[in-house]
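For reference, the structure discussed in these notes is given below.
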Amino acid sequence: MAIVKLERIKEFMDISCAAEMLLEKNEKEISFSVNFKTKEDEIVFCDTYVVYHNVVLGPAKGGIRMSENVTLEETRRLAKIMTYKNALTELPFGGGKSGIRIENSNIDEFTRISIFKEYVHMIREELIAEHYIPAPDLGTDQFDMAVIYGELHKPECVTGKPVKIGGLPGRLEATGRSVATSTKIYVEEIMKEKLNNLKIAIQGFGNVGRWASYFLEKFGAKVVAISDINGGIYNDRGFNIEKLFQYAPTKNTTIADYPEADKITNKELLEMDVDILIPCATENVITKENAGRLKCKVIIEGANDPVTEEADEILKERGIPVLPDFLCNSGGVIASYIEWRNAKSGNQTEKEEVFDEIDRKIKKCFYKIKETKEKLNSTYREAATYIAVKFLIEAMHERRWL
Ligand code: NAD
C-alpha cells in the first residue's frame, strides 16, 4: 500500500477538495504499443504505459518496469509512490513511472535493444524535453538505460546509466544502500540493539535485495535467509554475501541451489522466526493470509508496495512496525538526483560521497518521521505520508496551483 489514504491523513490536517484532486489525479497518462520483429521473425507487441502523477516539485521521475504483470493500474500506483518518495526526501522531481508488459522476460540482447529503441521512438519529445526522466526498475537495468541514452545523447534525460557513460558511481548499489541504512538506524534508534545481534531475512536477490544484503553484512548484520523467484536458502550462521555474489553474479542467475544452505520456500522465508524481515522482490507479498503468521519484530520495505492494505492493518494490531518503502528504497532516486545534477553541471561524485549523501538524507527523513509519528500517535507509514502531503500542498500553494 506504500502510502496511506488521504482520508486517514485528513484526520491530522485539513486538505481542501482542490488539493485532494491534485494529489489523487494523474497529470498525464500515455499508452502505446512497442512493436518489433525479433531475429526469429516473430512479431512482438508490448503494451507500454508512461504515467506522470503529480509534478509540482519538478519533472516526472521514476523507473521503467518491465514484466509480464505490468498494467496501467500498477504503473499509476507506482507513479504515485514516486510523488510521495520525492516529496518525503525533498528532491526536485515529480512522480512518474513507465511499465512495459512483456509476455516472456527471458529475451535475448537483440530483442532488449529493440524494445528500448522503440520505447524512445514512441516518447522521444517527452524525454528530450525532460518531462519524464526514466531510470531502472524491476526487470530493467543500467544497460537498458545506456540504450536510451544512445538514442537521445543527452545525459540528463535518463539516470541509472553505466558509470563509463555518465552514470554515477554507487547508483547501482544506491537503493540497497538506503534499505540497509534504514534498517541500521531503526535497529539502533528504536530497537536500541546492535545489528550483529539480530537475524535478518531478505526476499529478492535482484538489484535491491543483493545490495541491501551486501551493505547489511558490511554493517555487521547476520543475513540468515535470502530468496529469489526460484526459491530461498537458509543458513543460521549468516551468509557470506560476497560468495553469494560469486555464485549468482547477475539477477538472471539463481541462488536457490546454493550448496552451503538449507533450501526454503519464499512462503517459509516470509514467516521465518527472524528479527527483521526485508521484502525486496515484488509487491503484495505480505497479505491478510500471512500477516497473522509473521514472526519478525519489524518489516523494512525494500520493494515497492510489498504489504497490502489489509495486511498493514493486521500488522498494526499485532504491533509489528513497518518502515515504509518510500523512505527505505529512496536511495535509488536520491542517487538518480545526484547523477542528473552532475549531468547538468559537469560535476563528478565519488561512490563514498554518494553513499554519504544517501545516508544523510535517510537519517534526516527517519528522524522527521519518528518525531511526526510521536506527535500524531500514528504508524511510520502514516507519519511519512503526512510529511509528504504537507510538503506537496505547500509546494502547490507556492506554484499557485492552489
Ligand atoms: P530486480 O528485477 O533486479 O530483482 C527482483 C528480485 O526479486 C529477483 O531476485 C527476482 O528473482 C525476485 N522475485 C521476483 N518476483 C518474485 C516473487 N514472486 N517471489 C520471490 N522473489 C521474486 O528488481 P529490483 O530492481 O531489485 O526491484 C525490486 C523491488 O524494488 C521492486 O518492487 C522495485 O519497484 C523496487 N525498487 C527498485 C529500485 C531500483 O533502483 N532497482 C528502486 C526503488 C524501488
Side-chain angles (χ1 to χ4, degrees), residues 2 61-70 74-75 77-82 84-86 88-89 95-100 102 105-106 134-145 159-161 167-168 170-179 182 201-214 225-233 244-245 247-256 258 264-270 277-287 290 300-307 324-337 339 358:
K61 186 89 188 79
I64 306 175
R65 179 170 284 205
M66 186 160 77
S67 89
E68 67 266 30
N69 299 323
V70 161
E74 180 193 71
T75 313
R77 209 163 22 82
L78 293 166
K80 191 173 186 178
I81 297 176
M82 287 308 300
Y84 282 75
K85 196 181 293 185
N86 292 329
L88 180 69
T89 49
K97 201 81 185 181
S98 282
I100 303 175
I102 176 135
S105 45
N106 195 9
D137 188 60
L138 191 135
T140 60
D141 61 24
Q142 52 175 336
F143 305 109
D144 303 321
M145 301 309 116
T159 62
K161 304 181 291 292
L168 185 78
R171 171 61 183 86
L172 190 66
E173 303 95 322
T175 307
R177 174 69 180 210
S178 66
V179 173
S182 303
I202 298 183
Q203 185 188 42
F205 203 61
N207 177 276
V208 182
R210 66 175 53 221
W211 290 109
S213 54
Y214 173 89
I226 308 185
S227 68
D228 61 33
I229 196 161
N230 300 300
I233 48 175
L244 277 185
F245 271 43
Y247 184 79
T250 69
K251 65 184 178 187
N252 301 321
T253 49
T254 179
I255 43 122
Y258 185 66
I264 53 169
T265 62
N266 267 290
K267 181 174 178 293
E268 285 167 335
L269 179 137
L270 295 172
L277 174 63
I278 315 186
C280 292
T282 187
E283 56 279 313
N284 301 338
V285 293
I286 299 169
T287 63
N290 61 6
I300 308 287
E301 292 186 326
N304 281 321
D305 248 353
V307 177
D325 47 8
F326 62 113
L327 167 73
C328 305
N329 68 29
S330 61
V333 74
I334 296 168
S336 272
Y337 166 65
E339 182 177 334
I358 292 171

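Positions are given from 1 along the sequence. Atoms within each ligand, like the ligands themselves, are counted from 1 in listed order.
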Tabulation required: pairs of a nitrogen or oxygen in ligand 1 and a protein nitrogen or oxygen under 3.5 Å; columns are atom names and distance to 0.1 Å; otherwise 'none'.
unit_1	atom_1	unit_2	atom_2	d
ligand 1	2 (O)	G139	N	3.3
ligand 1	3 (O)	N207	N	2.9
ligand 1	3 (O)	K251	NZ	3.4
ligand 1	9 (O)	F205	N	3.0
ligand 1	9 (O)	G206	N	3.1
ligand 1	11 (O)	I229	N	2.9
ligand 1	21 (N)	I229	N	3.4
ligand 1	26 (O)	N207	N	3.1
ligand 1	26 (O)	V208	N	2.9
ligand 1	32 (O)	R65	NH2	3.3
ligand 1	32 (O)	N304	N	3.0
ligand 1	34 (O)	R65	NH2	2.7
ligand 1	34 (O)	D137	OD1	2.8
ligand 1	34 (O)	D137	OD2	3.3
ligand 1	34 (O)	N304	ND2	2.9
ligand 1	40 (O)	T175	OG1	2.8

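- G160 and P136 get closest at one heavy-atom pair: CA-CD, 3.8 Å.
- Residues satisfying the salt bridge (charged side-chain N to carboxylate O under 4.0 Å, His left out) test with D141, not counting sequence neighbours, are none.
- Partners of N207 according to the side-chain hydrogen bond (donor to acceptor under 3.5 Å, both in side chains) rule, which considers only residues two or more places apart in sequence or in another chain, do not exist here.
- In this view, F143 satisfies the ring pair (Phe, Tyr, Trp, His ring centres under 6.0 Å) rule with no residue, not counting sequence neighbours.
- The shortest heavy-atom contact between T140 and I64 is OG1-O, 2.7 Å.
- The closest side-chain heavy-atom distance from T253 to D228 is not below 4.5 Å.
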